[in-house]
2 protein chains.
Amino acid sequence: MKIEEEIKQNKFYSEYQKLAINILFTNQWLTANTTKILKPFGISPQQYNVLRILKGQSPKAISVSNIMERMIDKMSNTSRLVEKLRQKELIERVTCEKDRRQVDVKITKKGLELLEKVKTEMNAFKTISDNLTEKEASTINDLLDKMRG
Amino acid sequence: MKIEEEIKQNKFYSEYQKLAINILFTNQWLTANTTKILKPFGISPQQYNVLRILKGQSPKAISVSNIMERMIDKMSNTSRLVEKLRQKELIERVTCEKDRRQVDVKITKKGLELLEKVKTEMNAFKTISDNLTEKEASTINDLLDKMRG
DNA sequence: TAACATTTAATGTATATACATTTATTTAAT
DNA sequence: ATTAAATAAATGTATATACATTAAATGTTA
């Protein structure tokens, strides 16, 4: 459905302004879908993002600031997210011996298992791949990168 | 800068997964920029969205649910946003006489003036139009619409 | 080495958000 | 007309978020 209809606005100041709004709207659509899928697993999209970062480094541990650098939303509060995941036993946290300011974080077996289950559900949400060719997806990726400069 | 570098992840499961992450990241980038511009004016991006909707209808008043339908983020809590804007005297709120459940909301002169000032600042943030041609912006718009199905 | 700067992570705080529930009013059905 | 259903908006509540500040450890330099 065209963005004009989605938000009942049939005129935009420019194609650029429309693009900004379209990105905000599409983000909202995507996040809502992801949140719904993750809800039964008891984690938020941000927590999911942290888990995936840790899986990417597994079985290595990485520091909190290292996680932050890799996060989609850099401004968020990584310490608290990590603590939430620790409470659920999805990750482990150990103070780094070489530099006692740092905290080494590592995904647990339980965390990896959760990601496996989530993957199945995420695969079920295949609207994007149903509606776009791989070439089209690639085109958007290139243009978004270009847009941010 | 390519999304791979932005989040230090050099491999993606698919071009579709990369697209999902790219949209989340670009949204974050866009929202952070907008928030910064709006901050001196004392309003959040969501409040700005409501003001723009009301400007679009001005001098007509529209109901809270009518605003909600036009919002980018439909799940948000329009009542409270409207109340915040009323406290700042940027909008007016009157109970509808024909249907006393409804509340008619209208942007004030002060609200319109604020939008004018914001516009100047928003125009200064022209990264998008600097980096993309109008045709490219249009291409993304069409593909995002297609993607959501 | 003492004083200061920087880095890393945690915490404080105000606001925002998602989602469920409640309240008031109007519409529909028996 | 009385009861039930539907709608509009507001509120409750737990969590998330942005951003500033603090605390602890490490680096730097005079």
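Since the model is a prediction, treat every value here as computed from it, not as a measurement.
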So, OP1 or OP2 of [N]: does either fall under 4.0 Å of a side-chain N or O from [X]?
{"X": "Gln47(A)", "N": "dT15(D)", "value": "no"}
{"X": "Gln46(B)", "N": "dT17(C)", "value": "yes"}
{"X": "Thr78(B)", "N": "dA9(D)", "value": "no"}
{"X": "Ser79(B)", "N": "dA9(D)", "value": "no"}
{"X": "Lys84(B)", "N": "dA16(C)", "value": "yes"}
{"X": "Arg93(B)", "N": "dA10(D)", "value": "yes"}

Specify the separation, in whole Å, of atom [atom1] of [X] and atom [atom2] of [N].
{"X": "Trp29(B)", "N": "dA18(D)", "atom1": "CH2", "atom2": "C1'", "answer": "19 Å"}
{"X": "Gln102(B)", "N": "dA6(D)", "atom1": "CD", "atom2": "P", "answer": "19 Å"}
{"X": "Ile43(A)", "N": "dT15(D)", "atom1": "CD1", "atom2": "P", "answer": "15 Å"}
{"X": "Gln28(B)", "N": "dA16(C)", "atom1": "CD", "atom2": "C1'", "answer": "14 Å"}
{"X": "Arg86(B)", "N": "dA9(D)", "atom1": "CZ", "atom2": "P", "answer": "16 Å"}
{"X": "Glu97(A)", "N": "dT8(C)", "atom1": "CD", "atom2": "P", "answer": "17 Å"}
{"X": "Leu81(A)", "N": "dT17(D)", "atom1": "CG", "atom2": "C1'", "answer": "10 Å"}
{"X": "Ile72(B)", "N": "dA18(C)", "atom1": "CD1", "atom2": "P", "answer": "13 Å"}

For the side chain of Lys39(A) and the backbone of Thr34(A), is there at least one donor-acceptor N/O pair under 3.5 Å apart? no

| query | Under the 3.5 angstrom rule, does the side chain of Lys110(B) hit a backbone N or O of Lys88(B) as a donor-acceptor pair? | reply | yes

Looking only at side chains, do [X] and [Y] share a donor and an acceptor under 3.5 Å apart?
{"X": "Asn33(A)", "Y": "Arg148(B)", "result": "no"}
{"X": "Glu4(B)", "Y": "Asn10(B)", "result": "no"}
{"X": "Arg100(A)", "Y": "Thr95(A)", "result": "no"}

query: What about Arg101(B): does its side chain form a donor-acceptor pair under 3.5 Å with the base of dT7(D)?
result: yes

Ranking dT11(D), dA9(C), dA18(D) by distance to the side chain of Asn77(B), first place goes to dT11(D)

Ranking Ser44(B) and Thr35(A) by the position along DNA chain C of their nearest nucleotide, the one closer to 5' is Ser44(B)

Closest to the 5' end of DNA chain D, once Arg100(A) and Lys39(B) are matched to their nearest nucleotides, is Lys39(B)

Ranking Arg80(B) and Asp99(B) by the position along DNA chain D of their nearest nucleotide, the one closer to 5' is Asp99(B)

pair_partner(dT21(D)), Watson-Crick or wobble, both distances < 3.5 Å, evaluates to dA10(C)

